[in-house]
Each structure stands twice: as C-alpha cells, then as structure tokens.
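Per chain, numbering begins at 1; letters A, B, ... match sequence-line order. Scope of the values below: all heavy atoms of this structure, side chains included, with no hydrogens, waters or symmetry mates. As the structure is a computational prediction, the values presented were derived from the model and not from experiment.
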Number of protein chains: 2
Amino acid sequence: MALPSIKCQSCSINQLCLPVMLAESEVEHLDSIIQRKKPLTKNEMLFRSGEEFHAIYAVRSGCIKSYTISETGEEQITGFHLAGEIIGLDAISSGKHPSMAKALETSMVCTIPYPKLEMLSGEIPGLRQQLVRVMSREIHDDQELMLLLNKKSADERLAAFLLNLSSRFGKRGLSRTCFNLVMTRGDIANYLGLAVETVSRLFTKLQQNDLIAIKDKEVTITDISKLSVLAGGKCHH
Amino acid sequence: MALPSIKCQSCSINQLCLPVMLAESEVEHLDSIIQRKKPLTKNEMLFRSGEEFHAIYAVRSGCIKSYTISETGEEQITGFHLAGEIIGLDAISSGKHPSMAKALETSMVCTIPYPKLEMLSGEIPGLRQQLVRVMSREIHDDQELMLLLNKKSADERLAAFLLNLSSRFGKRGLSRTCFNLVMTRGDIANYLGLAVETVSRLFTKLQQNDLIAIKDKEVTITDISKLSVLAGGKCHH
DNA sequence: CGTGTCTTTGACAAAAGTCAAAGCTCGTGG
DNA sequence: CCACGAGCTTTGACTTTTGTCAAAGACACG
C-alpha cells in the first residue's frame with residue numbers, strides 16, 4: 001500500500017465511525033486491521049450481490065449507493081452512504097452480500113475484514129458496543145424510512161430526503177443549506193419510490209415556491225423551516 | 001416467578017432464537033439472565049416509544065406487532081413478530097425505545113436485560129456472533145421490505161406478505177398453507193402502505209381467483225405457485 | 001342481545017405513473 | 001478544442017392505480 005495512509009487516530013470523521021468511545025490504544029489496534037485501497041472512481045463497484053462476505057466498509061469520503069436487485073430485475077436503492085457510515089452489515093447473517101454497492105463519485109473506503117473485527121470485538125468491549133450501536137441505528141433508520149415511504153406523499157418524501165441529507169452534511173461539518181446532489185434524479189426517484197418525472201416536477205415546484213434553489217447539481221435550501229413543515233406532513237384534514 | 005418456567009435449553013424454538021450454536025453450558029448461562037413474566041394479553045403493550053431501553057425481548061409464543069408513530073400521529077407498523085424473533089433492537093443506539101410493541105394475541109415473551117446480555121456477550125463469542133447475525137438479518141429483511149413497498153403493486157405486496165408469513169410459520173413447524181391471520185386488515189394495510197379497503201378488495205380477488213380461501217381469520221393458500229408468481233411481479237411489459 | 005369494531009362493497013376523486021418528446025450536460029474522441 | 005452522442009432532465013398530455021368517502025353487513029365481546 002503505497003498510499004498516504006490516513007490512520008483512524010487522525011481521521012477527521014472518527015467520531016462518526018467505529019472508533020467512538022475507544023481508548024487511544026484500542027483505536028490503534030482497530031486501525032491495524034483496516035485496509036485502505038486506492039479510491040473508488042465514479043461508478044466503480046465496491047461489491048456485488050452474491051459475492052462472499054469478507055469485510056464491512058467504512059466510507060472515508062465521497063458517496064456510495066447501496067442497492068438490491070429483485071428477481072424480476074428491478075433495482076431498489078437502499079441507501080446513499082456518506083463519510084463515516086458503514087456498509088455491508090446486511091451480509092453478516094448469510095455470509096453472502098445480498099446487496100450491491102457502487103461509488104457515485106470518487107470515494108475513499110476503508111475495508112474492515114470481518115473475521116478480524118469479530119475477533120477484536122471480543123477483546124475490546126467498546127468496539128463491540130459501537131458495532132451493535134451502528135447496527136441498531138441502521139435498523140432504526142430503516143424503520144423511519146418505511147414510515148416515509150408508506151405514509152407520506154411525494155412532496156413530503158422529497159422534502160424529508162433533502163432535510164435528511166442536510167442534517168447529515170451538517171454533522172460532517174459541511175453546510176446544511178448548500179450542498180451537492182451527487183445522485184441523479186433517477187437515483188432519488190428510485191430511493192423514494194417515485195417516478196423520475198415526479199421528482200423532476202417536485203424540484204421545479206420547490207424552486208417556484210422558493211423553498212430551494214438549484215444550480216446544476218448544487219441545491220441551496222432557502223427556507224428550511226417551510227421545508228421542514230412540508231416534510232412533517234401538512235395534515236390533509 | 002411462580003410460573004412454569006420454560007428454560008432456553010428445552011425451548012422448542014431455541015434454534016430460531018439467541019441460543020443458536022451455543023454450547024450447553026453457554027445456553028444455561030444465557031438462560032440465567034432471562035426473565036419470564038406472565039403472558040401478555042391481547043392488546044397489552046410490551047413497551048412504548050420514549051421509554052428507557054433496558055432489555056430486548058424474544059417472542060416465545062403468540063404475535064407482537066411493533067410500530068412507530070410519526071410527529072403527525074400517523075402509525076406505521078414495522079413488523080409482526082412470531083416465536084423466536086427478537087424485538088427492541090432499534091433502541092440500543094439511543095438508549096430509548098423509538099418504537100412501541102403490542103401483543104396481537106395472548107403472547108409469551110422472554111425479557112433479556114441488555115446490560116447483562118452485553119456483558120455475557122463479552123464472555124461468549126457465539127452469543128455475540130448470534131446477536132450480530134440477528135441484527136444483520138433484520139437489516140436485510142428491512143431492505144427487502146423497502147423493495148416491496150417501493151416497487152411492487154398492491155397485489156404483489158399482499159401476495160408477498162402472505163408468502164412471507166407462510167414461510168415463517170413453516171420454519172416454526174406449523175402449516176405453510178393454512179394459518180391464522182392474527183392481525184386485522186387494518187394492520188395489514190398499514191404495514192403494506194395500502195388502504196384497508198384495498199386490502200379487503202384484494203383478499204376478495206385472491207379468493208375469486210382461487211389462490212387462497214378465507215374462513216374468518218384463517219387463510220388457506222390453495223395455489224402457492226400462482227401466489228408466488230403474483231408476488232414475484234408479473235412483469236408488466 | 002346490543003354496541004362498537006372490523007370488514008366488505010360501491011361510486012368517485014386524486015395522486016402519481018406512463019408515454020412521448022425536446023432540451024440539456026458532460027465526457028470522449030477526432 | 002470542438003463536435004457528437006449517450007444519458008440525464010424537464011415538460012406536457014393522458015392513464016391507471018389506489019385512496020377517500022359512504023354505508024351496510026358481520027363479528028365479537030361484554
């Protein structure tokens with residue numbers, strides 16, 4: 001590995017990632033099992049469904065989309081993962097990846113060999129706890145998403161999606177009000193269970209109502225409170 | 001506890017639950033931290049959202065529904081849990097229950113105090129592994145559900161729902177083709193993101209097409225292969 | 001044996017999907 | 001460095017699915 005190997009200890013997002021609450025020496029130990037390869041380029045696959053499960057992955061930078069393909073060939077995007085987020089947790093139970101992951105832009109990813117992580121988590125209680133917390137959080141987030149998809153209208157879904165991104169960028173020290181949409185309208189539509197055309201129309205409408213402004217792929221949230229109200233569900237009664 | 005305390009060791013569903021792959025002595029250890037209270041009666045709450053998280057729960061018998069309530073008061077059922085399934089995993093990350101759980105019929109539940117489980121999982125690698133497997137499986141199942149809700153028509157959702165129940169009853173040694181629907185049409189509709197009326201009409205249609213037969217709350221799957229085709233997505237092209 | 005909840009059915013409305021077509025971007029190769 | 005083409009985005013017109021409203025019937029439980 002002839003790359004400028006950033007260590008967990010000095011990683012800017014280690015408080016969003018696995019090292020949370022670990023002692024210095026424990027982080028070092030964790031760092032020692034992690035592999036860092038060269039960045040994924042746009043559209044490069046991280047793993048494919050059906051592949052054997054060897055490792056989970058932590059996003060260091062960029063954005064990775066994960067998705068499943070149904071028997072009938074329909075693609076369903078299950079998440080857009082930003083720095084600090086862990087990918088591949090759905091593969092632990094069966095030992096094979098049920099989903100696929102692909103870079104939406106040039107992205108750095110840390111490979112965490114699972115058998116080693118498993119062993120290490122036997123020695124480091126804090127690591128075990130953090131892994132479980134991360135998984136618990138994913139379960140929780142998926143449940144919230146279910147509510148969104150089942151109970152909200154198209155406008156509400158898109159508004160909630162933008163606010164979710166906003167908050168996640170904010171946590172990473174980036175602007176909450178102005179950020180880049182790395183995914184296509186098609187990706188957003190797929191994720192939210194809508195048609196591309198619907199998403200496009202909604203973006204237009206949100207702009208006309210001065211809730212957001214869009215320049216190319218850059219979104220600016222100009223009225224976050226109105227957007228929040230919209231996302232909350234405007235009580236159609 | 002003056003109840004006929006069934007132990008994990010002799011529990012009929014221990015191979016669907018936490019004890020998977022554990023040695024006899026390990027199961028005993030696990031059993032010793034588990035509390036068994038008197039059965040929950042129909043509609044009794046197991047926990048409410050906002051409550052502090054103390055334990056996860058394993059269903060021993062019956063059926064528990066878990067659900068969230070949005071800020072705007074909409075209920076979203078996130079799962080119907082049968083014997084051997086674990087509830088409350090979404091609460092680990094925040095320390096508070098984000099969701100609620102209620103018995104749909106008289107149900108027995110094992111309470112597994114989380115701090116003790118956490119400690120024990122430090123000593124028993126197999127237990128730690130099984131806990132992670134269970135969580136991984138839940139993440140995976142939630143992703144499949146997302147695909148169902150986002151990409152499938154109403155018929156396909158209901159067909160898939162019935163097949164999912166069928167398979168889960170089968171795994172528990174019960175009939176795959178004839179079982180009781182403990183949840184109401186309203187519950188099914190809520191879970192699948194449909195209106196009650198739609199679900200009712202679909203049940204009627206499935207009966208007319210001789211895919212299922214319904215007598216009161218008892219469903220009989222009369223043509224499982226046709227039902228599978230329907231659930232798969234009949235390729236509208 | 002009645003009262004409230006659950007279920008079914010019908011008629012209608014609305015949200016979102018589909019189809020079609022044009023304009024736009026961006027990367028690539030000449 | 002420019003031109004071309006593939007893929008992405010937008011917009012319009014129309015369709016379809018599913019939701020909503022309303023009401024009656026069936027159960028289930030006290």
Side-chain angles (χ1 to χ4, degrees), chain A residues 41-44 65 74-77 102-106 148-161 180-208 212-219 230 233-237, chain B residues 41-44 65 74-77 102 104-106 148-159 161 180-208 212-219 230 233-237:
Chain A
T41 59
K42 188 174 171 174
N43 290 325
E44 196 176 341
K65 83 167 174 183
E74 299 146 306
E75 173 176 324
Q76 171 63 51
I77 299 178
K102 181 195 264 190
L104 288 179
E105 60 184 333
T106 305
L148 189 76
L149 299 176
N150 260 352
K151 295 285 171 307
K152 305 288 190 176
S153 69
D155 324 66
E156 292 164 354
R157 293 187 208 181
L158 186 58
F161 173 73
N180 233 41
L181 285 180
V182 287
M183 63 294 285
T184 66
R185 303 299 144 98
D187 282 340
I188 298 173
N190 181 298
Y191 180 66
L192 296 176
L194 302 169
V196 198
E197 294 93 329
T198 305
V199 170
S200 178
R201 280 185 250 268
L202 289 175
F203 268 122
T204 308
K205 204 173 94 184
L206 287 178
Q207 280 184 94
Q208 285 168 349
I212 63 170
I214 299 186
K215 175 86 166 75
D216 293 333
K217 303 223 119 195
E218 190 183 86
V219 191
L230 182 57
K234 42 176 186 257
C235 250
H236 357 229
H237 297 303
Chain B
T41 58
K42 188 172 172 175
N43 290 324
E44 196 177 339
K65 83 167 174 184
E74 299 146 306
E75 173 176 324
Q76 171 63 52
I77 298 177
K102 181 195 266 189
L104 287 179
E105 60 183 334
T106 304
L148 189 76
L149 299 177
N150 260 352
K151 295 284 171 310
K152 303 291 189 174
S153 68
D155 324 66
E156 292 164 353
R157 291 187 210 182
L158 186 58
F161 174 73
N180 233 41
L181 285 180
V182 286
M183 64 293 286
T184 66
R185 304 299 145 97
D187 282 339
I188 298 174
N190 182 298
Y191 180 65
L192 296 177
L194 301 169
V196 198
E197 295 92 330
T198 305
V199 170
S200 178
R201 280 185 249 269
L202 290 175
F203 268 123
T204 308
K205 205 173 94 185
L206 287 179
Q207 280 184 95
Q208 285 168 350
I212 63 171
I214 300 186
K215 175 87 167 73
D216 294 334
K217 302 222 119 196
E218 190 183 85
V219 190
L230 182 57
K234 41 177 189 261
C235 250
H236 358 228
H237 296 305

Nearest 0.5 Å please: distance from the CG atom of B:Leu202 over to the NZ atom of B:Lys205.
6.0 Å

Any chance you could measure A:Thr41, atom OG1, to A:Asn43, atom CG, to the nearest 0.5 Å?
7.5 Å

[X] [atom1] to [N] [atom2]: how many Å, rounded?
X	N	atom1	atom2	answer
B:Lys215	D:dC27	NZ	C1'	12 Å
A:Arg185	C:dG23	CZ	C1'	14 Å
B:Leu202	C:dT8	CG	C1'	13 Å
B:Asp216	C:dT8	CG	C1'	14 Å
A:Phe203	C:dC24	CZ	P	19 Å
B:Leu158	C:dT7	CG	P	13 Å
A:Ile214	D:dT10	CD1	P	7 Å
A:Leu192	C:dA15	CG	P	18 Å

Heavy-atom nearest pair, B:Arg157 first then B:Leu149, reads NH2-O, 3.1 Å

Is any side-chain nitrogen or oxygen of A:Lys217 closer than 4.0 Å to OP1 or OP2 of C:dT25?
no

Is it true that B:Lys151 and B:Glu156 make a salt bridge, defined as a side-chain N closer than 4.0 Å to a carboxylate O?
no

Does any non-hydrogen side-chain atom of A:Phe203 lie less than 4.5 Å from one of A:Leu158?
yes

Could you go through residues 180-199 of chain A and list every donor-acceptor pair under 3.5 Å that involves a side-chain atom there, pairing it with any protein atom two or more places apart or in another chain?
| from | atom 1 | to | atom 2 | distance (Å) |
| --- | --- | --- | --- | --- |
| A:Thr184 | OG1 | A:Gly186 | N | 3.3 |
| A:Thr184 | OG1 | A:Asp187 | N | 3.0 |
| A:Asp187 | OD1 | A:Lys65 | NZ | 3.1 |
| A:Asn190 | OD1 | A:Ile77 | N | 2.7 |
| A:Asn190 | ND2 | A:Glu75 | O | 2.8 |

Spell out protein contact along nucleotides 11-26 of chain D as letters: B when the base is contacted, S when just the sugar-phosphate is, - when no protein heavy atom is under 4.0 Å; keep the 5' to 3' order.
BBB----SSBBB----

Applying salt bridge (charged side-chain N to carboxylate O under 4.0 Å, His left out), can you list everything that pairs with A:Lys217, at least two apart in sequence or on another chain?
none

For A:Lys42, what residues pass the salt bridge (charged side-chain N to carboxylate O under 4.0 Å, His left out) criterion, not counting sequence neighbours?
none

Between the two end axes of the helix from C:dC1-D:dG30 to C:dG30-D:dC1, each built from 5 base pairs, what angle do you get to the nearest 10°?
50°

Answer with base, sugar-phosphate or nothing: what part of the nucleic acid does B:Lys42 contact at a heavy-atom distance below 4.0 Å?
nothing

Side chain to side chain donor-acceptor pair (under 3.5 Å) partners of A:Gln207, counting only residues at least two apart
none

